[in-house]
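Structure record follows, encoded as structure tokens.
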Amino acid sequence: MGRLIALEGVARRYRVGGATVSALEGVDLAVDAGEFAVVLGPSGSGKTTLLNLIGALDSPSEGRITMAGRDITRASRSALAAFRRHGVSFIFQTFNLFPGLTALENVRFGADVAGRPGGAEAAGRTLERVGLGPRTGHFPHELSGGEQQRVAIARALATGNPVL
């Protein structure tokens, strides 16, 4: 199937005041298409930094990141924006649902941004897949925390992109 994610010697350092904080050092990682990977570690170990780098929300201080054979390490801002729109989907811990949109509209938004055809139909099918068919017309504040999480999952799946 091919290599989906490849990190080679990746480091990420931040300047905080007069000090340099090393969030990641010398990370090598390979995930092939179809594999399932879990990032596990204590608070402050660099999990979020790693996912931000893989998702092109941040850039490494050194090393190389390749996604589906495409080197994103030094890509332009516009190329990274296109990659985030068409190459990867995120499910955030806080869900980041739009409060003024229904579950269906939240999922359709993800599909529309990714340029997926058949937005409303695809969104409805994806909500059915996560067990929320009867809740498509409900707003986030009308859904339980678990239901909100499933809307966020459905939104990520509806893009057709790999999900982070």
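On a predicted model such as this, the values are computed, not experimentally measured, just so you know. Below, all heavy atoms of this structure are taken into account, side chains as well, without hydrogens, waters or symmetry copies. Sequence positions, counted from 1, serve as the residue numbers for this chain.
Atoms CZ and CZ, on Phe83 and Arg70 in that order, are 7.0 Å from each other to the nearest 0.5 Å. In this structure, Thr102 OG1 and Arg108 CZ are separated by 10.5 Å, a value rounded to the nearest 0.5 Å. Within the model, atoms CG of Leu127 and CZ of Arg125 stand 11.5 Å from one another, a figure rounded to the nearest 0.5 Å. Note that the CZ atom of Arg12 and the OG atom of Ser59 stand 7.0 Å from one another [nearest 0.5 Å]. Considering CG of Leu29 and CD1 of Ile65, their distance stands at 10.0 Å, rounded to 0.5 Å. To the nearest 0.5 Å, atoms CZ (Arg85) and OG1 (Thr159) are separated by 12.5 Å.
Leu7 has its side chain out of reach of Arg64: every pair of non-hydrogen atoms, C-beta onward, lies at least 4.5 Å apart. Ile72 places a side-chain heavy atom less than 4.5 Å from the side chain of Leu80. When side chains are defined from C-beta on, Asn96 counts as touching Arg155, because their heavy atoms get closer than 4.5 Å.
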Using the side-chain contact (heavy atoms from CB on, under 4.5 Å) rule, take Asp58 and Tyr14 through it: C-alpha gap first, then chi angles, then the decisive distance, then the call. CA-CA 11 Å; Asp58 199 1; Tyr14 301 93; 3.0 Å; yes
Could you walk me through whether Val31 and Ile54 pass side-chain contact (heavy atoms from CB on, under 4.5 Å), step by step? CA-CA 11 Å; Val31 179; Ile54 292 170; over 6 Å; no
Assess the residue pair Leu132 and Glu147 against the criterion (side-chain contact (heavy atoms from CB on, under 4.5 Å)); give the C-alpha distance rounded to whole Å, side-chain angles, the decisive distance to 0.1 Å, and a yes or no. CA-CA 7 Å; Leu132 290 177; Glu147 289 171 329; 3.7 Å; yes
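Leu143 pairs with exactly one of Arg150, Gln149, Gln148 by the side-chain contact (heavy atoms from CB on, under 4.5 Å) rule, that one being Gln148. Here the options are Leu57, Val10, Leu24, the test is side-chain contact (heavy atoms from CB on, under 4.5 Å), and the partner is Thr49; only Leu24 passes.
Contact check on Glu142 versus Arg135 returns no salt bridge, with no Lys/Arg side-chain nitrogen under 4.0 Å from an Asp/Glu carboxylate oxygen.
Residue Arg15 places its CZ atom among more than 12 non-hydrogen atoms of other residues, nucleotides or ligands, all under 6.0 Å distant. A 6.0 Å sphere centred on CZ of Phe109 holds no more than 12 heavy atoms belonging to other residues, nucleotides or ligands.
Considering all non-hydrogen atoms of both residues, Ala111 and Ala158 come closest at CB-O, 3.8 Å. When all heavy atoms of Gly9 and Asp28 are compared, the pair lying nearest together is N-OD1, 2.7 Å. Contact record, Leu97 with Pro140: CB-CG, 3.9 Å, taken as the closest heavy-atom pair. Residues Leu53 and Pro60 approach most closely at CD2-N, 3.4 Å, considering heavy atoms. The two residues Arg13 and Ser61 have their closest heavy-atom pair at N-OG, 2.8 Å. Contact record, Ala103 with Val151: CB-CG2, 3.8 Å, taken as the closest heavy-atom pair.
Cluster membership check: Phe98 shares its hydrophobic cluster with Val113, using side-chain heavy-atom separations under 4.5 Å among Ile, Leu, Val, Met, Phe, Trp and Tyr.
Between the Asp71 side chain and the Thr66 main chain, no donor and acceptor come within less than 3.5 Å of each other.
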